[in-house]
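In what follows, every heavy atom counts, from backbone to side chain, and hydrogens, waters and symmetry copies are set aside. Since this is a predicted model, take the numbers as computed values, not measurements. Numbers restart at 1 for each chain; the letters A, B, ... are given by sequence-line order, proteins then strands.
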2 protein chains.
Amino acid sequence: MRYRKIPDEAVWRLPMYLRGLLLSLEKSQETISSQELADFFGVHPWQIRKDFSYFGAFGTPGVGYKVKKLSTQIKKILNLHVSHKAVLVGAGNLGAVILAYPGFKIYGFEITAVFDNNPQKIGQKIENISIKDVSKLSLIKRQKIDLGIIAVPRKAAQEVADRLVEMGIKGILNFSPCRINVPKKVKVITIDIAMDLARLPYYIPSS
Amino acid sequence: MRYRKIPDEAVWRLPMYLRGLLLSLEKSQETISSQELADFFGVHPWQIRKDFSYFGAFGTPGVGYKVKKLSTQIKKILNLHVSHKAVLVGAGNLGAVILAYPGFKIYGFEITAVFDNNPQKIGQKIENISIKDVSKLSLIKRQKIDLGIIAVPRKAAQEVADRLVEMGIKGILNFSPCRINVPKKVKVITIDIAMDLARLPYYIPSS
DNA sequence: TTTAATCTGTGAACGTAAACACAAGTTGAA
DNA sequence: TTCAACTTGTGTTTACGTTCACAGATTAAA
């Protein structure tokens, strides 16, 4: 394959494909075709093949893809072949849900530290992790944590992000409904539930 | 303006612009330029002007946009000028967080019904809404509810979605980590936290 | 009234991604 | 060994979205 710029969209879709593959793997399926995968997600098979082709040739003509092999390769592309440690800031209701969320494991994520600024919460444990004072965030420097999850009120989000960047965090999942500014080398993904909900009514014919 | 197909991406960005406008409105700002708005989100001003232009001309050359007027117009475009009622299915930890989430209000959303299948939860109240048996979902037909929020385990998600569609729900916000099949007229947005997190490590140089 | 500064709205140019079509590889049956 | 059925990988075409550049509208100052 000649060199070609990899579309952001292709990278964006890989985790989706990976989820499907891991599900097939659970069902002990050995091989899967682009058609099967496509049906699973409601996309076109050529889209999937094209996306894979940016990263190499993983399949066998006439057969399809080895589920196990392909999922391993996608994990490698996404840098998910090694497990990642994450720090959670904000131990409120949302923080508790995130901590208890079972879905992180299949991607190899582990939340190993939790911080909050509420004195009543500091020292308590949720999901077997004791909540520490956010002013002691530098504690995470000893561990190899490269991801941060922000689940604090909007007004505190930017400050927390700044601190996380100082501590060497490379990627941030932000649940506060606001943009946060970080150096270019740090990747931020913001999840804004209300905004997502606000996208629905456009497609609903008004009553 | 000549007729032109409106890019999905433009629609997608409108709720973002709206959030910025509502924030400016809180600060009693009267007018705002595309440049100001753009700086706020880290995008280009011509992108914003172009996006608006698909829906009409809202600004004044030499002045900018009236914050209040523009936000009203965007709300109208997004069909957010009327408030929307939503039903929540799944009163677990995640459900409780969603119910308590303060961000829905500014877009005019209100969760007016909650369902679960756990007998221990049915009858209890959270946020002053009593949890009802999911088998009695048809109760919502009397109310004018057009949005559904799914916060149940993956295996139950499709079934819940089917029921919601039966009840006439037009849009679904799905927090289960799976695709759900619905008729074309129903719009679904799926939020998969783990998948979003899985998108980060690609951008992190491996250690 | 004139001029300079400001800012919007939009056609056109450009760049990127999706969709297509098919060559080439693989399998299994005849 | 041959042929038919199947599936991948990718160059090309088409569609779409972004960026650009500027005409035209507005304001404020001279």
Novice: Can you measure A/Ile6 atom CD1 to C/dA18 atom C1' for me and round it to whole angstrom units?
Specialist: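 In whole Å, C/dA18 C1' and A/Ile6 CD1 are 17 Å from each other.
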Novice: When only distance counts, do a donor and an acceptor, one from the side chain of B/Lys5 and one from the base of D/dG17, lie under 3.5 Å apart?
Specialist: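 Absent.
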Novice: Find the distance B/Phe52:CZ to C/dT10:C1' and express it as a whole number of Å.
Specialist: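 Answer to the nearest Å: 15 Å.
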Novice: Go through D/dG9, C/dG9, C/dA17 for me and flag the one nearest to the B/Tyr65 side chain.
Specialist: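 Nearest nucleotide to the side chain: C/dG9.
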Novice: Tell me the interatomic distance from A/Glu9, atom CD, to C/dA19, atom P, rounded to whole angstroms.
Specialist: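 Rounding to the nearest Å, CD of A/Glu9 and P of C/dA19 are 12 Å apart.
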Novice: Quickly work out the B/Trp12 CH2 to D/dC16 P distance and round it to whole Å.
Specialist: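 For the pair B/Trp12 CH2 and D/dC16 P, the rounded distance is 19 Å.
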Novice: What residues in residues 28-49 of chain A put a non-hydrogen atom under 4.0 Å from any atom of DNA chain D?
Specialist: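 Contacts with DNA chain D under 4.0 Å: A/Ser33, A/Ser34, A/Arg49.
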Novice: Take a 6.0 Å sphere around CD of B/Glu30 and say whether it holds more than 12 heavy atoms from other residues, nucleotides or ligands.
Specialist: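 No, not enclosed.
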Novice: B/Ile106: what forms a side-chain contact (heavy atoms from CB on, under 4.5 Å) with it, not counting sequence neighbours?
Specialist: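 Result, side-chain contact (heavy atoms from CB on, under 4.5 Å) vs B/Ile106: B/Arg19, B/Leu22.
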Novice: Looking at C/dG11, I'd like to know if its phosphate oxygens (OP1 or OP2) sit under 4.0 Å from a side-chain N or O belonging to B/Tyr54.
Specialist: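 For C/dG11, OP1/OP2 do not have a side-chain N/O of B/Tyr54 under 4.0 Å.
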Novice: Would you please name every residue forming a ring-ring contact (aromatic ring centres under 6.0 Å, His included) with B/Tyr101, sequence neighbours left out?
Specialist: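 Residues passing ring-ring contact (aromatic ring centres under 6.0 Å, His included) with B/Tyr101: B/Phe104.
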Novice: Please collect all salt bridge (charged side-chain N to carboxylate O under 4.0 Å, His left out) contacts where either partner lies in residues 51-74 of chain A, sequence neighbours excluded, each pair once.
Specialist: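 Counting only pairs at least two positions apart or across chains, the salt bridge (charged side-chain N to carboxylate O under 4.0 Å, His left out) contacts touching residues 51-74 of chain A are A/Arg13-A/Asp51.
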Novice: Which part of the nucleic acid, if any, lies within contact of B/Phe58, taking any heavy atom under 4.0 Å across all strands shown: a base, the sugar-phosphate backbone alone, or nothing?
Specialist: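 Sugar-phosphate contact only.
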Novice: So what is the end-to-end bend of the helix from C/dT1-D/dA30 to C/dA30-D/dT1, with 5 pairs used at each end and the value given to 10 degrees?
Specialist: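 Its terminal axes enclose an angle near 0°.
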Novice: Specify the closest pair of heavy atoms between B/Phe115 and B/Asp133, including all atoms of both residues, with the distance to one decimal.
Specialist: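 Result for this residue pair: CD2-O, 3.3 Å.
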Novice: Under the ring-ring contact (aromatic ring centres under 6.0 Å, His included) rule, collect the residues that match up with B/Tyr65, sequence neighbours excluded.
Specialist: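 By the ring-ring contact (aromatic ring centres under 6.0 Å, His included) rule, B/Tyr65 matches B/Phe52.
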Novice: Name all pairs fulfilling the salt bridge (charged side-chain N to carboxylate O under 4.0 Å, His left out) condition that reach into residues 193-206 of chain A, sequence neighbours left out, sorted by first residue then second.
Specialist: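 Residue pairs passing salt bridge (charged side-chain N to carboxylate O under 4.0 Å, His left out), neighbours aside: A/Asp196-A/Arg199.
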Novice: Expressed as a whole number of angstroms, how long is the span from B/Tyr17:OH to C/dT8:P?
Specialist: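 After rounding, the gap between these two atoms is 13 Å.
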Novice: Listed by chain and number, what are the ring-ring contact (aromatic ring centres under 6.0 Å, His included) partners of B/Trp12, not counting sequence neighbours?
Specialist: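 Testing B/Trp12 for ring-ring contact (aromatic ring centres under 6.0 Å, His included), a comparison that skips the adjacent residues, returns none.
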Novice: Classify every nucleotide of nucleotides 25-30 of chain C by which part a protein heavy atom approaches to under 4.0 Å, writing B for the base, S for the sugar-phosphate alone and - for neither, in 5'-to-3' order.
Specialist: BSS---
Novice: Mind checking side-chain contact (heavy atoms from CB on, under 4.5 Å) for A/Lys76 and listing every partner two or more places apart, or none if nothing turns up?
Specialist: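 Listed in chain order: A/His81.
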Novice: In whole angstrom, what separates B/Lys50's NZ from C/dT8's P?
Specialist: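 For the pair B/Lys50 NZ and C/dT8 P, the rounded distance is 15 Å.
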Novice: Need one value for A/Asp51: base, sugar-phosphate or nothing, where a base atom within 4.0 Å counts as base even if backbone is also close, heavy atoms only.
Specialist: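 Here A/Asp51 touches no strand at all.
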Novice: I'd like to check the ring-ring contact (aromatic ring centres under 6.0 Å, His included) partners of B/Phe41; sequence neighbours left out, ordered by chain and number.
Specialist: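 ring-ring contact (aromatic ring centres under 6.0 Å, His included) check on B/Phe41 returns B/Tyr17.
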Novice: Expressed in angstrom and rounded to an integer, what is the separation of A/Lys66 atom NZ from D/dT7 atom P?
Specialist: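 Value for this atom pair: 14 Å.
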Novice: Do the side chain of A/Asp162 and the main chain of A/Glu166 share a donor and acceptor less than 3.5 angstrom apart?
Specialist: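 No.
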Novice: Would you please name every residue forming a side-chain hydrogen bond (donor to acceptor under 3.5 Å, both in side chains) with A/Asn118, sequence neighbours left out?
Specialist: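 Scan of A/Asn118 (side-chain hydrogen bond (donor to acceptor under 3.5 Å, both in side chains), adjacent residues dropped) gives none.
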